[in-house]
Amino acid sequence: MVGRHERRIQPAGREEAQVAVTGLGNLAVKVADLDAAVAFYERSGATVRDRMAWNDGERADAFLGPLQITLFTRAIYEDAMDLPDEGFLHAALFTDDLDRELDGHEVLWGPAEVQGPFGRRRIAFVRAPGDIRLEFMEQLASSE
């Protein structure tokens with residue numbers, strides 16, 4: 001078994017870094033109308049909380065069983081790339097070592113520190129196959 005930060009030798013003899021993901025944080029979706037999106041998820045049985053202003057837009061978390069869908073009206077990395085008005089933004093994945101996780105990835109935005117109802121995190125976004133983005137997040141101790 002290969003450890004979280006070990007490298008596995010590939011058949012062609014080249015090394016490939018292993019992803020050190022420790023968990024799924026959320027799936028992020030951009031919506032044009034946050035009120036309508038919140039109403040949809042509430043009708044679907046979700047618990048919606050932590051609605052707030054966020055980086056020149058708004059955000060809210062919809063919890064459907066074990067799945068958290070974070071709704072944004074504006075992505076934090078929107079100035080760095082063209083995004084549609086609505087649609088899937090990224091999967092947010094926890095890691096214990098953000099800097100090591102970013103090694104070898106095309107970083108689209110970050111790393112940067114953010115704070116909210118989730119505490120403090122260092123985050124960065126990378127390009128992934130299928131023309132999607134992944135967010136890697138390292139949870140930080142709260143600054144009190």
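Across D50 and R59, no two heavy atoms sit closer than the pair O-NH1, 3.2 Å. Summarising the geometry of A32 relative to E86, their closest heavy-atom pair is N-OE2, 3.0 Å, with the distance given to 0.1 Å.
Applying the side-chain contact (heavy atoms from CB on, under 4.5 Å) test between F94 and each of V21, T22, L24 identifies T22 as the sole match. Looking at R51, R49, Q68 one by one, the single match for side chain to side chain donor-acceptor pair (under 3.5 Å) with D61 turns out to be Q68.
Here the side chain of S142 pairs no donor or acceptor atom with the backbone of G119 at under 3.5 angstrom. Judged purely by atom type and a 3.5 angstrom limit, E113 has no side-chain atom pairing as donor or acceptor with the backbone of R120. Panel note: side chain R127, backbone L108; no donor-acceptor pair is recorded below 3.5 Å. Distance alone, capped at 3.5 Å, places no donor-acceptor pair between the R121 side chain and the V114 backbone.
In this structure the side chain of E78 reaches within 4.5 angstrom of the side chain of K30, judged on heavy atoms. Side-chain contact between W109 and R133: absent, with no pair of heavy atoms (C-beta onward) separated by less than 4.5 Å. The side-chain heavy atoms of H90 and T70, taken from C-beta on, include no pair separated by under 4.5 Å.
One finds the CG atom of L89 at 10.0 Å from the CG atom of L71 (value rounded to the nearest 0.5 Å).
If you chain together hydrophobic residues whose side chains sit under 4.5 Å apart, M81 and I132 never meet in one group.
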